[in-house]
Amino acid sequence: MTIRPDPGHCRPGPSLSAITSERRQLINLSYRLLGSLTEAEDAVQETYARWYAMSRQQQEAIDSPGAWLTKVASRVCLDILGSARARRESYVGEWIPEPLPDGTEWMNGRPGDGGGDPADRVTLDESVDMAFLVVLESMTPAERVAFILHDVFRYPFAEVAAIVGRTPAACRQLASSARRRIRVARAPEAPTAQQARVIRNFKQAWEEKDIAALVGLLNPGATMTADGGGRAGAALRPVTGAEQIARYILEIGDRAPGLTLLERSVNGRPGLVAQHGGSTVTVAAFGVANDLITHIWAVRNPEKLRTWNE
């Protein structure tokens with residue numbers, strides 16, 4: 001789960017290349033802290049604004065621009081997390097982290113066409129799979145920042161403490177509490193190839209409107225969570241139970257004739273993308289265990305699908 005800083009991280013000297021080379025590292029950090037690429041980009045922009053607001057003398061007095069940028073970005077994210085809790089309480093329906101496409105699938109799913117700025121891409125690994133991000137949402141802002149900085153990015157607790165504003169011992173306890181949350185909430189995941197096979201069968205059953213096959217691919221206690229944000233039709237509460245989910249899925253297809261389903265990587269895991277009229281309208285991530293789907297996270301809010309329609 002560890003993400004090593006890019007070459008040049010903590011490199012001395014405030015040269016332009018030393019500053020701009022940190023952008024991808026900051027995007028990676030901020031997305032994991034916030035669960036939103038849009039908010040991550042805003043946090044990074046604010047971080048750079050604070051850097052360039054300093055005088056040349058102030059910049060030259062900083063031995064490690066990379067460490068300074070990381071510290072400021074983390075604090076910006078900590079502030080955003082605090083305010084995000086209040087915003088999400090008033091959010092219409094369920095809130096799901098913003099899904100990310102694979103780097104080779106950014107342009108309408110055409111492999112090999114990278115699209116976008118590589119510096120803005122998030123490294124896809126187990127620390128950004130949807131199940132992991134959903135657990136992070138249950139943490140306090142301080143827990144999340146301490147855990148991500150230490151367990152994912154391997155910053156020592158002394159540095160984490162300076163960012164979070166607590167003692168190293170307190171940050172160690174925060175990270176330990178976060179680990180317990182993850183152990184309790186996350187079930188063992190199936191290998192990627194097995195996940196892909198189950199999801200492919202689910203896609204086929206959906207296309208064939210085979211409710212029995214859909215039910216057979218879902219754990220009896222499976223849950224489907226949809227995020228429309230009040231901007232797209234979606235269940236306001238999680239749908240629970242294999243048969244209930246299967247019927248809901250088929251109703252969606254009936255209400256949107258001409259829906260095209262595509263197998264795509266979602267946050268580095270096998271997932272499905274639904275397109276209508278050439279535009280992506282739903283991105284679904286899955287939890288799979290013992291050859292059965294245990295959870296579906298379906299993002300329909302168009303504001304969270306912008307990278308899928310670029």
Side-chain angles (χ1 to χ4, degrees), residues 1-6 8-14 18-19 22-36 39-40 42-51 53-54 58-89 97 122-123 125-129 131-186:
M1 189 187 301
T2 304
I3 296 180
R4 302 293 183 186
D6 290 342
H9 189 71
C10 297
R11 183 171 54 210
I19 298 304
E22 298 295 332
R23 179 171 175 80
R24 183 168 186 178
Q25 175 77 358
L26 297 175
I27 288 287
N28 270 280
L29 171 65
S30 299
Y31 175 75
R32 286 164 174 80
L33 290 177
L34 301 173
S36 165
E39 290 182 345
D42 289 343
V44 172
Q45 183 175 349
E46 172 62 21
T47 300
Y48 277 113
R50 295 186 187 185
W51 171 265
M54 293 191 297
Q58 290 174 316
Q59 292 174 354
E60 290 175 347
I62 296 173
D63 293 330
S64 174
W68 186 93
L69 290 167
T70 296
K71 184 175 183 179
V72 171
S74 299
R75 286 179 170 172
V76 170
C77 289
L78 190 57
D79 290 341
I80 293 174
L81 283 171
S83 62
R85 283 180 166 255
R87 293 200 310 275
R88 288 171 191 171
E89 285 178 1
V122 175
T123 302
D125 61 19
E126 64 208 54
S127 68
V128 294
D129 79 57
F132 187 85
L133 290 176
V134 169
V135 178
L136 292 181
E137 286 297 315
S138 69
M139 299 179 185
T140 67
E143 277 180 331
R144 187 166 183 166
V145 172
F147 173 75
I148 292 295
L149 284 173
H150 180 266
D151 283 45
V152 179
F153 287 86
R154 295 304 182 190
Y155 282 88
F157 281 120
E159 293 182 29
V160 176
I163 292 169
V164 179
R166 305 197 185 187
T167 65
C171 289
R172 188 174 289 106
Q173 290 180 341
L174 288 170
S176 177
S177 173
R179 282 185 221 111
R180 285 196 298 271
R181 287 179 185 264
I182 290 172
R183 283 196 300 269
V184 169
R186 293 189 74 195

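Just the heavy atoms: all of them, side chains too, but no hydrogens, waters or symmetry mates, feed the values below.
- From I182, atom CD1 reaches atom CG of D151 across 7.5 Å, with rounding to the nearest 0.5 Å.
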- Step-by-step side-chain contact (heavy atoms from CB on, under 4.5 Å) determination, V135 to S138: CA-CA 5 Å; V135 178; S138 69; 4.2 Å; yes
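- The side chain to side chain donor-acceptor pair (under 3.5 Å) test applied to Q173 returns no partner, not counting sequence neighbours.
- Of all heavy-atom pairs spanning L133 and S127, the tightest one is CD2-O, 4.0 Å.
- Qualifying side-chain contact (heavy atoms from CB on, under 4.5 Å) partners for L78, counting only residues two or more places apart in sequence or in other chains: P141, V145.
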- side-chain contact (heavy atoms from CB on, under 4.5 Å) between L174 and F147, worked out: CA-CA 7 Å; L174 288 170; F147 173 75; over 6 Å; no
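- Two residues are said to be in side-chain contact when any heavy atoms from C-beta on lie closer than 4.5 Å; I163 and Y155 fail this criterion.
- For F157, the ring pair (Phe, Tyr, Trp, His ring centres under 6.0 Å) criterion is met by H150, not counting sequence neighbours.
- Remark: L33 CG to M139 CE distance equals 11.0 Å, nearest 0.5 Å.
- With sequence neighbours excluded, the residues satisfying side chain to side chain donor-acceptor pair (under 3.5 Å) with E46 are R50.
- By the side-chain contact (heavy atoms from CB on, under 4.5 Å) test, A170 is found to be paired with R166, T167, residues two or more places apart in sequence or in another chain being considered.
- Around the CD atom of Q58, the shell of radius 6.0 Å holds more than 12 heavy atoms that belong to other residues, nucleotides or ligands.
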- Task: Apply the test side-chain contact (heavy atoms from CB on, under 4.5 Å) to residues D63 and W68: give CA-CA distance (whole Å), side-chain angles for both, the deciding distance (0.1 Å), then the verdict.
- Result: CA-CA 9 Å; D63 293 330; W68 186 93; over 6 Å; no
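- Interatomic distance, E137 CD to L34 CG, rounded to the nearest 0.5 Å: 9.0 Å.
- To the nearest 0.5 Å, atom OG1 of residue T123 and atom CD of residue Q25 are 8.0 Å apart.
- Residues passing the side-chain contact (heavy atoms from CB on, under 4.5 Å) test with A40 are S30, Y31, sequence neighbours excluded.
- Here the shortest heavy-atom pairing between A146 and V160 reads CA-CG1, 3.8 Å.
- With sequence neighbours left out, the salt bridge (charged side-chain N to carboxylate O under 4.0 Å, His left out) criterion links R181 to E143.
- The salt bridge (charged side-chain N to carboxylate O under 4.0 Å, His left out) search around R172 returns none, not counting sequence neighbours.
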- Message: For W51 and V72: C-alpha separation, side-chain torsions, deciding distance, then whether side-chain contact (heavy atoms from CB on, under 4.5 Å) applies.
- Response: CA-CA 9 Å; W51 171 265; V72 171; over 6 Å; no
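- Side chains of I62 and M54 form a contact here, defined as non-hydrogen atoms less than 4.5 Å apart.
- Residues satisfying the side chain to side chain donor-acceptor pair (under 3.5 Å) criterion with R180, sequence neighbours excluded, are S176.
- Residues meeting the side-chain contact (heavy atoms from CB on, under 4.5 Å) test with V134, sequence neighbours left out: P97, M130, W297.
- The CG atom of L29 lies 6.0 Å from the SG atom of C77; values are rounded to the nearest 0.5 Å.
- Remark: F132 CZ to R32 CZ distance equals 9.0 Å, nearest 0.5 Å.
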